[in-house]
Amino acid sequence: MIQGIGASSGIAIGKCFVLPNWEWDLPEQKIDVADLAREFERLYEGIRTSKVEIEQMKDELSEVVGPAERSIFDAHLAILDDPVFMNEIQGMIERQYKAAEVAVKEAIDHFVTMFDLLDDEYMKERALDIRDVGNRLLKHLLGAPEITLPSDTQPYILIAKELSPSQLAHLNPSNVLGITTFGGSMTSHSAIMARALGIPLVVAAEGKLEETVVTGDMLIMDGTTGEIVLSPSLEQIRAYTKLKQEQEEERNRLRGLAHVDPSTPDGKTLRLSANISSLKELELALSSGAHGVGLFRTEFLYMDRTRFPKEEEQFEVYRSVAEKLEGGSLVIRTLDIGGDKHLDYFELPEEENPFLGYRAIRISLDRKDLFRTQLRAILRASHYGNVKVMYPLISSVEEVREANRVLQEAMEELRQEGKPFNPSMETGVMIELPAAVMIAELLAREVDFFSIGTNDLVQFTLAVDRMNDKISHLYEPYHPAVLRMLRTTVEAARRQGITVGVCGEMAGDPAALPVWLGLNVDGLSMSSHSILQVKERLLRTGQEECRAVLEHIMASSTASEIKRHLREFRTEIDLRDEQEEQEEQARIASVSDSICN
Ligand code: PEP
Ligand code: MG
């Protein structure tokens, strides 16, 4: 048995596919004048091999696809003969002494950016072709092996060193039984996405697994406990299959709660909303009984393409989500890239500390062109539903004012163009930095709502990188410092009369529910998969008793004491419910006895 960290629940049993670990490692130094001829020879050899490969693919597919699909390969072959593309590459080698792979990479980037800027769908398609064929050429120049994921007919467990959020976004979830990564952490964006897609995930499973696992090996992984069994025995397969069935039965039982009101026995209603990052995740959110979307992570809309999405494209997505929610609230968070989230087509600077660097609202306020486009799309969608806008990583009042100023400008433009929007659309900020907590009172005067982002708030309060598995034991949401941050924020919001919710991963942890009820927050937003589990606890937990529990844990000095109090409280509720259930059964039995006699 190998122990990793369970990051997305569910059991997967099946054969694995090990993703080869290679990256584009481009040479840094320039070539020597004497090596020019050799560099050209390498380039031409790479082109020849790429052409042979493309011809082969075309032949292999001739039986299965029609002429339209086959013509894509002709387009790729034509690019490799295109004089403009080739002149660009040759020029960089000849005049700037760049290595062939560097010249190819820069030529791809140059043409892709240029084509993308054109307002012409045909040319945008050509940009995709250039990237595709360019990467093939690059692969040959670098001697990198081809990565082909198994075909659609064979679901597999994916094993990878790391998996970026954009790589995950490109997987077909119905084909992936589970994912195990050697590195990674619970609160990375890849883990958040895996939970949203319902794919079991185990992270930080390095060591023995890394040395021994090969593609085709049989494997069991448990995304709750983090356990991995390599080459399991028949007995182990039976035991885990049974466990998997039990989990599915429990999920089915919880599904019955989707339309039950999310209220405590003493009458506190807590809005349970979903965190989504794409339109396709909305389906699951709605079937889980989500009240609305409390966090739309829009950056994934930007990741899934080769250029910044246009206003119209964004508007269509935001509007669809708003309409499908039928009046339910939709909180759209403006672009939050940087940190562990990158865009292939937007070069971020190399930074020593990317999580403290050029990211989120800092990029939006620096690139007002991008920001205004997004705000216009959000505003236009506000005409079709209960849309709100939220700014990420806010650290000062100035940032909020500047963001709101751009919002006002966008409104003015739309007014002049006669495009409808909701002029009183609510604005909010994420409270995810200690600075924001300390000035929560001041921030609350500028906006209509707060949403506490516990993922970053824990990271920054404790100075523990949320991506670093070496120190993941220090990443402690139940640290007394974090609980004080939460209380300060909620009290500030209350004093200023604005609403306050929570949208970090802690919101979806059923163990944290007494904290939220004790603090009296207005809503929780979480991965759709957690909604019903949290609701099930909510229906059985009184708010009044949670206030007492909160007093208790606020007086505790350590995270382990706090977690022990929460565990004891949970057991107390379970025992009480069990006893009530037994009493009810006994009562029914005695009534039916008396009827029969
Ligand atoms: C957070 O930081 O808690 C949050 C919800 O935002 P993200 O995880 O996208 O950084
Ligand atoms: Mg965050």
Side-chain angles (χ1 to χ4, degrees), residues 7-8 164-166 168-169 184-197 201 203 272-278 281 285 293-303 331-343 353-364 388-395 399 428-437 449-468 472 475-479 482-483 485-486 489-490 500-509 512 515-516 521 523-528 530:
S8 172
S164 72
S166 52
L168 223 160
S185 70
M186 281 277 284
T187 46
S188 70
H189 284 93
S190 302
I192 291 171
M193 267 190 85
R195 284 193 284 279
L197 295 168
L201 170 70
V203 296
L272 303 181
S273 313
N275 293 349
I276 64 165
S277 44
S278 66
E281 285 176 32
V293 167
L295 170 63
F296 186 170
R297 287 185 166 98
T298 56
E299 45 280 7
F300 292 91
L301 193 71
Y302 286 67
M303 275 178 194
V331 179
I332 303 180
R333 178 175 75 182
T334 59
L335 187 61
D336 186 7
I337 46 165
D340 63 332
K341 290 176 282 192
H342 301 272
L343 305 177
N353 293 301
F355 273 93
L356 305 183
Y358 187 61
R359 54 174 293 209
I361 193 71
R362 299 168 185 179
I363 296 182
S364 294
K388 304 168 188 187
V389 66
M390 176 162 77
Y391 309 128
L393 209 81
I394 289 296
S395 64
E399 281 170 341
V429 289
M430 295 214 42
I431 301 289
E432 49 185 347
L433 299 181
V437 174
F449 66 93
F450 282 166
S451 187
I452 306 176
T454 53
N455 305 339
D456 278 318
L457 187 58
V458 173
Q459 155 166 272
F460 293 120
T461 302
L462 304 178
V464 177
D465 178 355
R466 67 194 257 195
M467 303 291 292
N468 186 340
S472 60
Y475 187 92
E476 180 50 84
Y478 296 94
H479 192 294
V482 175
L483 293 188
M485 290 275 172
L486 299 172
T489 307
V490 176
V500 53
V502 187
C503 67
E505 290 302 292
M506 205 177 164
D509 179 0
V515 176
W516 312 130
V521 301
L524 301 175
S525 191
M526 63 195 78
S527 152
S528 297
S530 305

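For ligands, and for the atoms within them, numbers begin at 1 and follow the listed sequence.
The residue among N455, V502, D456 with a heavy atom at the shortest distance from atom 10 (O) of ligand 1 is D456.
Checked by atom type and distance alone, the side chain of R466 never pairs as donor or acceptor with a backbone atom of Y475 at under 3.5 Å.
When OD2 of D456 and OE1 of E432 are joined through the Mg ion (ligand 2), the resulting angle is 90° to the nearest 10°.
At a threshold of 4.5 Å between non-hydrogen side-chain atoms, the residues H342 and I337 do not count as touching. Side-chain contact between L457 and M485 is present, with at least one heavy-atom pair separated by less than 4.5 Å. In this structure, the side chains of E299 and S277 stay at 4.5 Å or more apart for every pair of heavy atoms. Residues L393 and F460 have side chains in contact (heavy-atom distance under 4.5 Å, counting atoms from C-beta outward).
Near E432, the atoms of ligand 1 lying under 4.0 angstrom from a non-hydrogen atom of the residue are 1 (C), 2 (O), 6 (O). Listed by atom number, the atoms of ligand 1 under 4.0 Å from L295 heavy atoms are 5 (C). The distance from ligand 1 to the heavy atoms of G504 drops below 4.0 Å at these ligand atoms: 3 (O), 5 (C). Listed by number with element, the atoms of ligand 1 under 4.0 Å from a non-hydrogen atom of I192 are 8 (O). Every atom of ligand 1 is numbered from 1 in the order shown, and the set under 4.0 Å from a heavy atom of K341 is 9 (O).
Taking CG from D465 and OG from S185, the interatomic distance works out to 7.5 Å, rounded to the nearest 0.5 Å. Taking CD of E399 as the reference point, atom OG of S364 lies at 10.5 Å (rounded to 0.5 Å).
Looking only at heavy atoms of the protein, atom 7 (P) of ligand 1 is closest to H189 NE2, 3.2 Å. Regarding atom 6 (O) of ligand 1, its nearest protein heavy-atom neighbour is R333 NH1, 3.0 Å.
Not a single heavy atom of E505 sits less than 4.0 Å from an atom of ligand 1. Residue contacts with ligand 1: R466 is included, with a non-hydrogen atom under 4.0 Å away.
Salt bridge annotation for R297-D336: absent, with no cationic side-chain nitrogen under 4.0 angstrom from a carboxylate oxygen.
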